[in-house]
Amino acid sequence: MSAPYLHVSGINKRFGGLQALNDCSFTIREGAITCLVGPNGAGKTTIFNAITGFLRPDSGQVEFRGRRISGLSPQTIVAAGIARSFQNLRLFAEISALDNVLVGMRGQFGEEPLSALFRPLKTAHAQAARRITGREILDQVGLLAQADTLVRNLSYGEQKLLTIARLLATKADLLLLDEPASGLSAGALAALMALLRRLQSAGKTLLVVEHNTRVVQQIADDVLFLHQGHLMAQGTPEAIMADPALAEIYFGGALQDHGP
Amino acid sequence: MDFLLSYLVLAEIYVLLGLSTNLLVGIVGIFSVSQAAVFGVGAYIVAFFLMNTSVSFLPALAVAAICCVVLNIVVTLPSLRVSGDYFVVTSFGIQLLATAVFTNWTGGTGGANGLPGIPPPDVFGIQLASNAQLALLTSIMAGLGCIAFWLLMRAPFGRLLRAIREDELAVAAAGKNVLRAKVSAAALAGAFAGVSGGLYATFLSFIDPSSFDLDASILLLTMVVVGGARTLAGSILGPFVLLALPQLLSLVEIPTTIAAAARQLVYGLLLIVFMLFRPQGLLGEKL
């Protein structure tokens with residue numbers, strides 16, 4: 001049996017008096033869209049930080065394609081093939097959409113001062129090629145027309161799509177998306193879900209933090225239910241949604257007020 | 001004519017120093033108030049070699065540039081741990097420390113009395129004694145500096161530095177080595193400051209700590225703000241405007257005793273007015 005695609009085992013992380021992650025373990029399948037759900041404060045973003053090297057867990061480990069990645073730098077983890085987005089987007093607002101994508105591309109000639117200074121022609125050539133690739137990536141997420149627009153002038157929905165374009169630029173295979181659908185209009189939401197499906201068909205594996213249960217039902221192959229930093233349940237969207245105990249945790253009894 | 005040439009030489013020296021400050025403060029967002037200290041180290045090193053050894057100007061300038069590269073990396077390192085306002089305080093401390101060393105290390109720097117009699121630069125065996133010759137040298141140096149700055153900013157390196165200024169964490173998430181980019185920028189800024197310091201020492205033939213103190217660092221920031229942060233044009237324009245001011249003030253009838261204070265007053269007012277009403281400077285972007 002081959003090693004699981006991403007295997008998180010026994011992660012603990014304590015912030016002062018708060019046990020943010022408590023023996024958190026799960027695996028995700030290659031090529032699947034896995035949704036990470038759970039109430040506020042369940043540790044969803046914290047586990048993202050632990051997987052991507054932004055946070056060093058107190059104990060436990062993360063393996064990606066059979067290779068241990070916990071303890072590596074964010075840079076090394078991106079190179080290994082995992083990239084993440086942020087709930088608060090963290091785009092570069094004062095540069096263009098295309099430049100945001102280009103910052104995400106790896107191994108660029110002229111990204112060090114000496115090559116930029118002494119090989120200006122090769123740098124310019126390499127850049128011209130990169131810009132073409134960058135436009136293709138923007139086209140994939142439907143932002144080609146906005147390529148030269150400054151990010152602060154893009155709509156919120158466009159900015160959310162751009163965060164995904166920036167992830168695609170890294171060529172990572174496993175994309176961790178932190179609430180990509182929150183705050184989107186119905187039209188933008190449909191476009192986003194279609195995009196996630198296209199990425200899946202193109203061979204990407206997605207781990208998505210999502211609150212909207214309808215979105216989860218439509219896109220998820222697997223659902224991970226996180227509560228108080230611990231994996232409570234893993235299963236198909238139908239199975240997770242049907243579990244009354246999980247609904248109780250998730251909605252905090254609000255459902256009962258509207259029940260029969 | 002001679003007066004105009006010396007204005008040109010001095011302005012070009014400050015253009016190089018302005019590029020150094022603009023790179024750190026404007027582009028990367030490392031708010032350093034100690035660039036005059038690095039400038040000073042460049043000046044003292046070149047003065048030392050020309051006064052005490054038979055080393056000629058260009059090798060001395062190279063040594064000064066290398067020392068300032070190392071020095072600027074060291075003094076910028078705290079910015080990797082403390083950011084924003086906290087780094088300003090750290091950098092302030094570095095500037096005070098440097099002034100204390102310049103003033104008290106009489107064996108090396110001549111202390112508060114300064115170092116008089118620094119010989120003019122010699123390039124390939126030619127002594128550059130006249131202002132016209134010096135202007136040619138500083139024009140070439142400033143020209144090279146501007147070309148270098150332009151090449152760096154249009155390359156992926158420049159984009160990476162701008163992105164780091166906006167969101168360091170997001171740059172790390174994109175798989176980039178933020179540390180290496182910041183150290184590279186600090187090294188380049190150090191080289192620019194070191195070269196301009198060397199030119200300054202040989203042009204004036206006299207240096208003392210007052211050229212490299214906190215006031216000088218603030219003047220430098222004022223040049224960047226007034227000219228315009230983050231752009232090449234702003235870095236060029238700023239020094240020319242700010243260095244013309246003392247000359248304009250000298251046209252006004254004020255006693256020489258308060259001329260220096262009046263100059264500081266005008267610089268301070270300019271900085272405040274620009275920050276309030278035109279933060280993008282004359283030809284730059286909002287800092």
Side-chain angles (χ1 to χ4, degrees), chain A residues 48-49 52-54 73-86 88-96 98-124 126-127 130-131 151-152 163 166-167 169-172 176 178, chain B residues 19-20 23-24 26-29 69 72-73 80 144-192 229-231 279-280 284-287:
Chain A
F48 267 29
N49 287 335
T52 51
F54 281 88
S73 70
Q75 190 199 352
T76 318
I77 291 172
V78 173
I82 305 180
R84 59 89 58 92
S85 72
F86 295 91
N88 54 351
L89 311 192
R90 291 187 167 269
L91 288 166
F92 311 118
E94 300 297 323
I95 60 179
S96 72
L98 180 59
D99 276 336
N100 268 264
V101 173
L102 292 174
V103 169
M105 290 188 183
R106 290 200 285 124
Q108 296 186 63
F109 193 85
E111 204 166 60
E112 287 154 66
L114 292 182
S115 51
L117 279 178
F118 297 109
R119 305 290 305 277
L121 290 181
K122 187 172 176 194
T123 300
Q127 269 312 286
R130 292 289 178 162
R131 297 180 84 82
V151 166
R152 63 180 152 85
T163 62
R166 197 169 62 180
L167 292 189
T170 66
K171 291 193 171 165
L176 274 51
D178 203 344
Chain B
L19 288 174
S20 160
L23 185 64
L24 275 189
I27 305 290
V28 198
V69 164
N72 207 37
I73 291 173
L80 304 172
L144 287 175
C146 290
I147 291 171
F149 187 85
W150 181 74
L151 284 175
L152 290 167
M153 288 308 111
R154 68 193 292 274
F157 179 65
R159 186 173 52 224
L160 183 64
L161 295 183
R162 287 167 189 273
I164 286 175
R165 182 189 70 231
E166 291 210 38
D167 197 327
E168 214 174 300
L169 199 65
V171 174
K176 303 292 173 176
N177 192 333
V178 173
L179 175 70
R180 192 162 77 185
K182 277 188 163 183
V183 168
S184 303
L188 287 161
F192 279 81
R230 292 177 197 158
T231 61
Q280 72 274 39
E285 294 169 22
K286 191 164 175 271
L287 194 63

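Every value quoted in this text rests on a predicted model; they were computed, and no experiment measured them. Atom set for the values below is all heavy atoms of this structure, side chains included, hydrogens, waters and symmetry mates excluded. The sequence lines fix the lettering, A, B, ..., with proteins before strands; numbering per chain opens at 1.
Note: A/L102 leads A/I95, A/L102, A/T170, A/I77 in heavy-atom pairs under 4.5 Å with chain B. Residue with the most contacts toward chain B among A/G110, A/A172, A/P120, A/A124: A/G110 (heavy-atom pairs, distance under 4.5 Å). Among B/A181, B/A170, B/A187, the residue making the largest number of heavy-atom pairs under 4.5 Å with chain A is B/A170. In terms of non-hydrogen atom pairs under 4.5 Å with chain A, the most contact-rich of B/N177, B/L188, B/L160, B/L161 is B/N177. Ranking A/A126, A/A93, A/G104, A/S115 against chain B, the residue ahead of the rest is A/A93, based on heavy-atom pairs under 4.5 Å.
Using a 4.5 Å heavy-atom cutoff, the side chains of B/R159 and B/R162 are not in contact. A/F86 has its side chain out of reach of A/T163: every pair of non-hydrogen atoms, C-beta onward, lies at least 4.5 Å apart. Using a 4.5 Å cut-off on side-chain heavy atoms (C-beta onward), A/T123 and B/F157 make no contact.
For chain B, the nearby part of A/Q127 is the side chain; its heavy atoms alone come within less than 4.5 Å. Only the backbone of A/F109 comes within contact range of chain B, with heavy atoms under 4.5 Å apart. In this structure, the portions of B/V171 lying under 4.5 Å from any heavy atom of chain A include both its backbone and its side chain. Contact annotation for B/L169: both backbone and side-chain heavy atoms come within less than 4.5 Å of a heavy atom of chain A.
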| Hey, mind stepping through B/F149 and B/L23 against side-chain contact (heavy atoms from CB on, under 4.5 Å) and telling me if it holds? | CA-CA 8 Å; B/F149 187 85; B/L23 185 64; 4.3 Å; yes
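Between the CG atom in A/L117 and the CZ atom in A/R119 there is a gap of 13.0 Å [rounded to 0.5 Å]. Atom-to-atom distance recorded for B/F192:CZ and B/L24:CG is 11.0 Å, nearest 0.5 angstrom.
We find that A/E94 and B/R165 are not joined by a salt bridge, their nearest charged nitrogen and carboxylate oxygen being 4.0 Å or further apart.
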